Asks: 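Encoded as C-alpha cells, here's the structure I'll be asking about.
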Amino acid sequence: IFGQFSLLNLLTSVQAIETDNRYLEDSTYGWYGQFSVLLAYTDFWIMLHCFLAAAVLGLLRLLDRRASTAEAVQEDIEGYRREEDAVGEHA
C-alpha cells in the first residue's frame, strides 16, 4: 500500500514542477532545489524499494513453498519404500 501511495504521490507531484521563465537560474540549487522535484525523487525511490521488497518476499515465499512440497514428496516416497520392505519381510 505504501508503494502505491508513493506512486500516486509521484504522479501528482510532477505536475507542480516549475519550468517556466528564468526563475531557476537564480536559485542556488537550480532545478533540483524545488520541493516538488525532491519529493518526486524521494517518492520514486520509495516506490521502487517497496515494489522490489515485495518481489523479493514473493520469490522467497515461492522457493519456500517449493522446498516444502519437495520435502513432502520425498517423505511420501520414503514411507512407500518402508511399506514395501515391511510387506516383503512378511511374505
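What you see below is based on every heavy atom in this structure, not just the backbone, and it leaves out hydrogens, waters and symmetry mates. Just so it is clear, the structure is predicted and the values come from calculations on it, not from any experiment.
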Asks: Measure the spacing between CG of L39 and CD1 of I46 and express it to the nearest 0.5 Å.
Replies: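 The distance works out to 8.5 Å.
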
Asks: Could you grab the distance from atom OG1 of T42 to atom CE of M47, nearest 0.5 Å is fine?
Replies: 12.0 Å

Asks: In Å, rounded to the nearest 0.5 Å, how long is the span from CG of L57 to CG of L62?
Replies: 12.5 Å

Asks: Nearest 0.5 angstrom please: L52 CG to W45 CH2, how far?
Replies: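 Spacing of CG (L52) from CH2 (W45) equals 9.5 Å.
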
